[in-house]
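Remarks on the structure that follows.
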Amino acid sequence: MTNRRPCSGPFKTPAIMWDGTLTICCFDGMMNLNLGNVKKIPFKELWYGKKANQIRLQMIRGEFNKIKTRWGYEKCLHCKGYDTPQISDEEVITFLKETGNEAEIPKYKKRVRSLKLEV
């Protein structure tokens, strides 16, 4: 687990290449976190789909090392762009409620409290 807040990218900044490929990360020019193609599958289905939500949960849990490129490298572990823009605790909690992951809320709050103590 990495001691930092979740990145807002998977929640707020979809990026679409010229060919329609959608990624969940605004720092993913190589499309390593490719969710699919919006010319073939509706954006809403990809952006709110299983793969995207799995990445969001890994961010919330601080499991940045589990988010891998297509070659198996840790995409998010050492990223320096994770703090712009930021995502609020309220936004994270709303996501957890909307996706039926309420059990994650106390764990998230505990993890975030520990981060605030280290600052």
Side-chain angles (χ1 to χ4, degrees):
M1 184 167 356
T2 302
N3 284 334
R4 69 176 200 227
R5 295 187 52 78
C7 176
S8 66
F11 298 88
K12 297 182 176 188
T13 57
I16 303 173
M17 286 288 267
W18 63 270
D19 65 353
T21 304
L22 172 67
T23 182
I24 199 161
C25 173
C26 56
F27 285 93
D28 187 19
M30 298 294 290
M31 297 288 142
N32 282 302
L33 302 177
N34 176 350
L35 299 176
N37 192 297
V38 297
K39 292 181 179 180
K40 298 175 184 171
I41 302 170
F43 171 84
K44 191 173 182 178
E45 190 176 325
L46 295 171
W47 188 248
Y48 298 104
K50 184 178 179 179
K51 184 176 180 179
N53 283 341
Q54 178 63 34
I55 292 171
R56 292 179 183 115
L57 281 173
Q58 289 169 323
M59 288 276 174
I60 289 167
R61 293 175 182 146
E63 299 171 341
F64 299 95
N65 61 317
K66 292 184 179 180
I67 304 167
K68 309 274 187 176
T69 68
R70 59 183 158 212
W71 298 287
Y73 298 109
E74 297 165 336
K75 171 73 177 147
C76 302
L77 186 60
H78 303 292
C79 181
K80 302 295 183 208
Y82 69 87
D83 60 350
T84 54
Q86 293 188 353
I87 186 165
S88 70
D89 294 336
E90 293 78 23
E91 290 171 301
V92 171
I93 290 167
T94 297
F95 166 79
L96 291 170
K97 288 178 180 177
E98 288 175 352
T99 58
N101 290 290
E102 291 90 349
E104 296 286 336
I105 295 171
K107 296 179 227 175
Y108 171 74
K109 287 181 176 180
K110 182 178 178 181
R111 189 174 86 75
V112 171
R113 266 195 311 272
S114 73
L115 294 176
K116 291 178 182 175
L117 294 175
E118 292 176 9
V119 174

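What you see is a predicted model, and the numbers here were worked out from it, not measured in a lab. Starting from 1, each residue takes its place in the sequence as its number.
- Ion pairing between a basic and an acidic side chain is recognised when a charged N comes within 4.0 Å of a carboxylate O; D89 and R5 show such pairing.
- A donor-acceptor contact shorter than 3.5 Å links the side chain of N101 to the backbone of T99.
- Only one option out of L22, N37, L35 pairs with I16 in a side-chain contact (heavy atoms from CB on, under 4.5 Å); it is L22.
- Of the possible polar contacts, one joining the E91 side chain to the S88 backbone as a donor-acceptor pair under 3.5 Å is found.
- Between the side chain of K12 and the backbone N or O of Q86, at least one donor-acceptor pair lies under 3.5 Å.
- Between the D28 side chain and the L33 main chain, a donor and an acceptor come within less than 3.5 Å of each other.
- Residue K109 places its NZ atom among 12 or fewer non-hydrogen atoms of other residues, nucleotides or ligands, all under 6.0 Å distant.
- Put simply, OG on S8 and CZ on R56 are 11.5 Å apart, with the number rounded to the nearest 0.5 Å.
- Between the side chain of R111 and the backbone N or O of I60, at least one donor-acceptor pair lies under 3.5 Å.
- The CD1 atom of I105 lies 8.5 Å from the OG1 atom of T94; values are rounded to the nearest 0.5 Å.
- Taken from CD in E104 to CZ in F95, the straight-line distance is 9.5 Å, to the nearest 0.5 Å.
- Of the inter-residue distances, the one linking I67 atom CD1 with M59 atom CE reads 4.0 Å to the nearest 0.5 angstrom.
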